[in-house]
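Throughout, residue positions are numbered sequentially from 1 according to the sequence presented. Note that the coordinates shown come from a computational prediction; the quantities given were computed from them, not determined experimentally.
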Amino acid sequence: MELEKIILSRKSCREYKDIPVEEEKLEKVITSGSLTPLGLPKMCTPVLTVVTDKVVLKTLEGIYDVPALIIVSCPPAPEFTPGLDHQNAGCVVEMMALQATELGLGSIYLYGVTSKISSDAEKMKSLGIPEGYYPLAALGVGYGVEDVSVCKEFVAKLKVNKI
């Protein structure tokens, strides 16, 4: 699939088939996230936590019954670059979402679940999130009830100021 078609096909998927994602596809999605260009990578590199265990997934709220959840956790950004941790996490999620679309998988960018996880020390520990890291974003991945297909026009929707 060419990049423009992937961009036009990428959308939030909220209904999934009860089919596990093949390990090789999940690995490609994860690898895409790890290839994301990052700001201050030596100080602010995310860690990915991949959850496919159905029992564990059932304990997490607000994830639309996804078959796979990839949690992006980061250490706090240095004081001289506030927000960089969130920006890095967002970039990682979007790279993985584009790769998922390329592979015919549905995906959804999730934020609410990360705040619930980060406020529960037991959950953080059970998910293996390293000390000093905080879940900032997550990507749900799986086979959507709707097939991945071009769903948009290639037309700018954001206001653009040109100077």
Side-chain angles (χ1 to χ4, degrees), residues 6 9-146 148:
I6 295 167
S9 301
R10 165 73 185 101
K11 62 182 174 183
S12 293
C13 179
R14 292 178 174 84
E15 290 185 76
Y16 294 87
K17 297 175 184 173
D18 188 20
I19 301 171
V21 178
E22 297 91 337
E23 188 62 33
E24 60 273 5
K25 286 188 176 184
L26 197 52
E27 283 300 318
K28 279 188 174 187
V29 171
I30 295 163
T31 299
S32 294
S34 71
L35 294 173
T36 303
L38 301 169
L40 294 176
K42 291 184 180 179
M43 299 174 81
C44 210
T45 298
V47 169
L48 304 180
T49 302
V50 182
V51 183
T52 56
D53 184 293
K54 286 185 177 190
V55 174
V56 175
L57 288 168
K58 289 284 184 201
T59 69
L60 303 171
E61 296 176 46
I63 62 167
Y64 299 98
D65 293 323
V66 297
L69 181 70
I70 306 168
I71 302 165
V72 182
S73 303
C74 296
E79 285 182 25
F80 60 90
T81 58
L84 184 63
D85 46 355
H86 291 270
Q87 291 176 21
N88 280 348
C91 289
V92 170
V93 167
E94 191 55 28
M95 284 284 274
M96 293 189 300
L98 291 172
Q99 180 64 61
T101 302
E102 163 71 16
L103 296 170
L105 298 169
S107 65
I108 186 163
Y109 192 134
L110 298 164
Y111 182 75
V113 67
T114 59
S115 60
K116 290 177 183 165
I117 292 169
S118 61
S119 66
D120 183 340
E122 265 186 52
K123 184 75 69 186
M124 294 267 292
K125 189 174 182 177
S126 71
L127 290 170
I129 295 171
E131 194 171 320
Y133 280 69
Y134 301 93
L136 297 177
L139 184 72
V141 179
Y143 287 98
V145 171
E146 275 185 54
V148 172

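When the shell of 6.0 Å around CD of E22 is examined, it contains more than 12 heavy atoms from other residues, nucleotides or ligands. No more than 12 heavy atoms of other residues, nucleotides or ligands sit less than 6.0 Å from atom NZ of K54.
One distance of note links SG of C13 with CD1 of I108; it measures 7.5 Å at 0.5 Å rounding. Summarising the geometry, atom NE2 belonging to H86 is positioned 5.5 Å from atom OH belonging to Y111; distances are rounded to the nearest 0.5 Å. Distance check, rounded to the nearest 0.5 Å: CG of L98 to CG of L103 gives 11.0 Å. Of the inter-residue distances, the one linking I63 atom CD1 with Y16 atom OH reads 10.0 Å to the nearest 0.5 angstrom. To the nearest 0.5 Å, the span separating CG on L35 from CE on M96 amounts to 11.5 Å. Taken from CE in M124 to OH in Y134, the straight-line distance is 6.5 Å, to the nearest 0.5 Å.
Nearest approach of I117 to P135, heavy atoms of both residues: CG2-CG, 3.7 Å.
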Exercise. Verify side-chain contact (heavy atoms from CB on, under 4.5 Å) between L127 and V56, making sure each step is shown before the conclusion.
Key: CA-CA 9 Å; L127 290 170; V56 175; 4.0 Å; yes
Self-check item: Verdict with reasoning, K116 to K123, per side-chain contact (heavy atoms from CB on, under 4.5 Å)
Solution: CA-CA 9 Å; K116 290 177 183 165; K123 184 75 69 186; over 6 Å; no
Practice problem: Could you give me the CA-CA distance, side-chain angles and deciding distance for L139 and V66, then say whether side-chain contact (heavy atoms from CB on, under 4.5 Å) is met? | Solution: CA-CA 9 Å; L139 184 72; V66 297; over 6 Å; no
Quiz item: Would Q99 and M95 satisfy side-chain contact (heavy atoms from CB on, under 4.5 Å), going step by step from the backbone distance to the final call?
Solution: CA-CA 6 Å; Q99 180 64 61; M95 284 284 274; over 6 Å; no
Exercise. Show your working on salt bridge (Lys or Arg N to Asp or Glu O under 4.0 Å) between E102 and K28 and close with a plain yes or no.
Key: CA-CA 10 Å; E102 163 71 16; K28 279 188 174 187; over 6 Å; no
Give every donor-acceptor pair under 3.5 Å between a side-chain atom in residues 74-81 and any protein atom, sequence neighbours left out.
residue : atom : partner : partner atom : Å
T81     : OG1  : P78     : O            : 3.4

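For the salt bridge (Lys or Arg N to Asp or Glu O under 4.0 Å) test, residues two or more places apart in sequence or in another chain that qualify with K58 are D65.
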